[in-house]
There are 2 protein chains.
Amino acid sequence: MDSKGYLKHIAYDSVIFGFSGEKLKILIMKYHNTGLFALPGGFVKYDEDLNDAVRRGLKERTGLDDIYLEQFYAFGSVARYKPEVMEAIMKANNQTLDGYSWLLDRFISVAYYALINYEEVVPTPDALSDSCDWYALDELPNLMLDHSIIVTKALQTLRDNLERKLVGINLLPTLFTMKELQQVYEAILGEKLHRGTFQRKVLSMGILKRHEKHFSGAANKAPFLYSFEGSLC
Amino acid sequence: MDSKGYLKHIAYDSVIFGFSGEKLKILIMKYHNTGLFALPGGFVKYDEDLNDAVRRGLKERTGLDDIYLEQFYAFGSVARYKPEVMEAIMKANNQTLDGYSWLLDRFISVAYYALINYEEVVPTPDALSDSCDWYALDELPNLMLDHSIIVTKALQTLRDNLERKLVGINLLPTLFTMKELQQVYEAILGEKLHRGTFQRKVLSMGILKRHEKHFSGAANKAPFLYSFEGSLC
DNA sequence: TAATATTGTCGCAGATTGAGACAATATTAA
DNA sequence: TTAATATTGTCTCAATCTGCGACAATATTA
């Protein structure tokens, strides 16, 4: 157990979605002096639930508790085992490899996606990285290892789950307009939706509470504000 | 690396579905002299893809290659860490623990479900178990650890995926009648479906090929036989 | 006061779904 | 040989859902 109290061979990666400027974005880390971009990830302590490990990592990266989180796949191919990548990251940080050789071993990574309110987040790098920043899905840098595949699968799973639950709400502030909610859905699905149909469908689910109108200062009729009614899905 | 060439801390469990007697059934192992029942599972070799490890295990348990297989969740709570269970199994087999202490360590288990043609399978126990047999979902014995939860989640995921793809077909022989297909769906969903509506919907998907009629010997109009047309989903 | 951009809602046509009905047919009973 | 029976293949009809345009309401600007 020379692995600093972490389980060997097991890692997690997280695809943290936010919504801003009518676009879906995710958090990406950039490692010191390597030009390497990666998903936020981490390891699991010996006495820690896998899910708790991920929440711990999310808290460190975003400052948030109580995040909407969904596990979607465990990536376990041999092809993703590239010790030279981890070695480069360690060396760029002047770390000796003593006691860290377990990091060069093979890992199976359990991937999660999270949905958060963009405005509440303070992206925070870790010791090995010099940035943790938002990137729009259509403007991602090249990601290391199989992280691009992980992002693709995260988005696909999110789309599949979108119809079952009203998860899109987790990407918005407590109060939001129908138009904002529609824009979230359009960003996730990658297609335009008909305004009337969307509103009719969402309201028919009976889980939105309508509030007083919001006078935005724009040259048009003021929209209602809504909030989510019910337990976190 | 005293773990016989397997990755530490990582296991898999498989929920292998078959259809027989109008019921959904799964394969359950019974361990020697312990009264313990469990899902078929195993470990991942150092130079082996996670998915390949599961297929290797399925081949051993069922004799089949090319199985419809879907990963659905990685179970990683600390609560599932109960070394005394594994110890009891080993002792009941007169195994010394020398060289096997890695088996008493904590494991995260990646769970898969498989859909197979019941009639093609020859259930085969492994060295530690004295049976590998079919159990109907509503007549399962008590399963060790969190395996009951794994089964529940497998069934739920299967139901969710059922509408998206025509996966139910994987539970039937190459040639089948519309009634048989409907019975598979009813067994999975746990509810009766309307005959006319079901047939219309399935045929509208355009992925079934109709063959000549099948004279069953029953006192009624002979049904058509169908086969699945297209690539394995 | 008129023009403009959105919003909230409605109505209609087409598609989908749920449920029953009826003829066709393979076998058994008379 | 013929009638009875059980199941199959298909159809129809009503109810519901969906896509899409239309129209009035309204907050601001010209």
Salt bridge check: are A/Asp138 and A/Lys23 linked by an N-O gap of less than 4.0 Å? yes
Check the angle between the aromatic planes of B/Phe37 and B/Tyr135 and answer parallel, tilted or perpendicular using the 30° and 60° thresholds. perpendicular
Expressed as a whole number of angstroms, how long is the span from B/His211:NE2 to D/dG9:P? 14 Å
Picking from D/dC20, C/dG8, C/dT17, the nucleotide nearest the side-chain atoms of A/Arg200 would be D/dC20
Applying the Watson-Crick and G-U wobble criteria at under 3.5 Å, what pairs with D/dC11? Answer none if nothing qualifies. C/dG20
Of the candidate nucleotides D/dT7, D/dG9, C/dA19, which contains the atom at the shortest distance from the side chain of B/Lys179? D/dT7
Roughly, in whole Å, what's the span from CG in B/Leu193 to C1' in C/dA19? 13 Å
When you look at CD1 of B/Ile149, are more than 12 heavy atoms from neighbouring residues, nucleotides or ligands closer to it than 6.0 Å? no
Report the nucleotide, chosen from C/dT7, C/dA19, D/dG9, that has the shortest atom-to-atom distance to any side-chain atom of B/Arg210. D/dG9
Indicate yes or no: at least one non-hydrogen side-chain atom of A/Lys59 is less than 4.5 angstrom from one of A/Arg55. no
Using a 4.0 Å heavy-atom cut-off to protein, can you give one letter per nucleotide of nucleotides 21-30 of chain C, 5' to 3': B if the base is in contact, S if only the sugar-phosphate is, - if neither? B--BBBB---
Value in whole Å for how far the C1' atom of D/dC17 lies from CZ of A/Phe198: 17 Å
Please check if atom CD in A/Glu22 has more than 12 non-hydrogen atoms from other residues, nucleotides or ligands closer than 6.0 Å. no
Length of the line joining A/Leu225:CG and C/dG8:C1', which is rounded to integer Å: 14 Å
Under the ring pair (Phe, Tyr, Trp, His ring centres under 6.0 Å) test against B/Trp134, which residue among B/Tyr118, B/Phe17, B/Phe19 passes? B/Tyr118
When the nearest nucleotide of DNA chain D is assigned to A/Lys201 and to B/Phe224 on a heavy-atom basis, which residue is associated with the more 5' position? B/Phe224
Across every strand shown, the nucleotide meeting Watson-Crick or G-U wobble geometry with D/dA25 (both distances under 3.5 Å) is C/dT6
